[in-house]
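Data first, discussion second: the structure below is written as structure tokens.
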Amino acid sequence: LTFMDDEDQLEERLEQLAKEHRELDEHIDELVGGGAVDFIKLQRLKKRKLFIKDQMEKIRSDLLPDIIA
């Protein structure tokens, strides 16, 4: 694989994660707005959302060119 292939794959993965992050956000909003809240489910969704956000940040960091200090 070339660097461009890797970069394309990372950008595609980033898009997938961003989509899942948005969907989780919507699901969390529906859960909170729906009256009785399943706090365990809510906590799991928020943890998953945070995990995805961390993965997205790592990919963004990998996509940035190395900066020599």
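Note that the numbering runs from 1 along the sequence shown for the chain. Given the structure is predicted, the values throughout are model-derived calculations rather than measurements.
- With Leu45 as the fixed residue, the side chain to side chain contact (heavy atoms under 4.5 Å, CB included) test singles out one of Lys41, Lys47, Lys49: Lys41.
- When each of Arg48, Lys46, Glu23 is paired with Ile28, the side chain to side chain contact (heavy atoms under 4.5 Å, CB included) condition holds for Lys46 and for no other.
- A distance of 10.5 Å separates CD1 in Ile59 from CD in Glu15, rounded to the nearest 0.5 Å.
- Distance CG/Leu14 to CD/Gln55: 10.5 Å, rounded to 0.5 Å.
- Taking 4.0 Å as the cut-off between side-chain N and carboxylate O, Arg22 and Glu26 do not count as a salt-bridged pair.
- In the hydrophobic clustering of this structure, Leu63 groups with Ile52; members are Ile, Leu, Val, Met, Phe, Trp, Tyr whose side-chain heavy atoms approach within less than 4.5 Å, directly or through other members.
- In summary, Lys58 and Asp62 engage in a salt bridge, as defined by a charged side-chain N under 4.0 Å from a carboxylate O.
- Crowding of Arg44 atom CZ: a count of heavy atoms from other residues, nucleotides or ligands under 6.0 Å not exceeding 12.
- Cluster membership check: Leu24 shares its hydrophobic cluster with Val32, using side-chain heavy-atom separations under 4.5 Å among Ile, Leu, Val, Met, Phe, Trp and Tyr.
- Met56 and Phe51 fall into different hydrophobic clusters, defined by Ile, Leu, Val, Met, Phe, Trp and Tyr side-chain heavy atoms under 4.5 Å apart, directly or through other members.
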